[in-house]
> 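Before we start, here is the structure in question, set down as structure tokens.
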Amino acid sequence: MVGAASSAAPHTRLGFSNYGSRIDCFGWGQGIETTGDGWTGTSTTVYTSSFGGTSGASPIVTGAALLLQSWGRARGAPYSPSAMRSLL
């Protein structure tokens with residue numbers, strides 16, 4: 001599970017984020033640049049920086065995990081789930 005943290009260092013858990021022993025890592029949960037208007041997601045001609053929360057943090061961590069796994073596979077040894085958690 002992924003929690004949401006502040007985008008500024010030092011990163012701290014955001015008040016609305018999930019937390020506890022089930023959280024494996026965290027990602028930025030605020031100030032995420034994305035397409036759409038930030039609320040309905042239907043606009044295809046604008047960007048917003050008001051997207052965030054765990055809805056933004058989870059894809060950031062997913063992208064990092066995919067990149068790490070691609071490096072592991074290129075070396076001939078994909079990472080196990082426990083190794084991936086340690087890396088992240």
> When you group the ILVMFWY residues by side-chain heavy-atom contacts below 4.5 Å and let the links chain together, are Y19 and L14 in the same group?
no
> Show the nearest heavy-atom pair for residues A4 and S17, with the distance to one decimal.
N-OG, 2.8 Å
> Hey, could you give me the OG1/CG distance between T62 and L88, rounded to the nearest 0.5 Å?
9.5 Å
> Please examine the side chains of R85 and C25, heavy atoms only from C-beta on, and report whether any two atoms are closer than 4.5 Å.
no
> To check you understand the geometry: which heavy-atom pair defines the closest contact between R13 and N18, and what is its length?
CD-O, 4.0 Å
> Strictly distance-based, threshold 3.5 Å: is any side-chain N or O of E33 a donor or acceptor partner for the main-chain N or O of Y47?
no
> Side-chain donor-acceptor contacts of residues 51-61 below 3.5 Å, not counting sequence neighbours, with atom names and distances?
| unit_1 | atom_1 | unit_2 | atom_2 | d |
| --- | --- | --- | --- | --- |
| S58 | OG | T54 | O | 3.1 |

> If hydrophobic clusters are built from ILVMFWY residues whose side chains come within less than 4.5 Å, do Y79 and V2 share one?
yes
> Can you see which heavy atom on A8 is nearest to which on Q30, and at what distance?
N-OE1, 4.5 Å
> Nearest 0.5 Å please: distance from the CE atom of M84 over to the CG atom of L66.
8.0 Å
> Do H11 and F26 come close enough that some side-chain heavy atom pair is under 4.5 Å?
yes
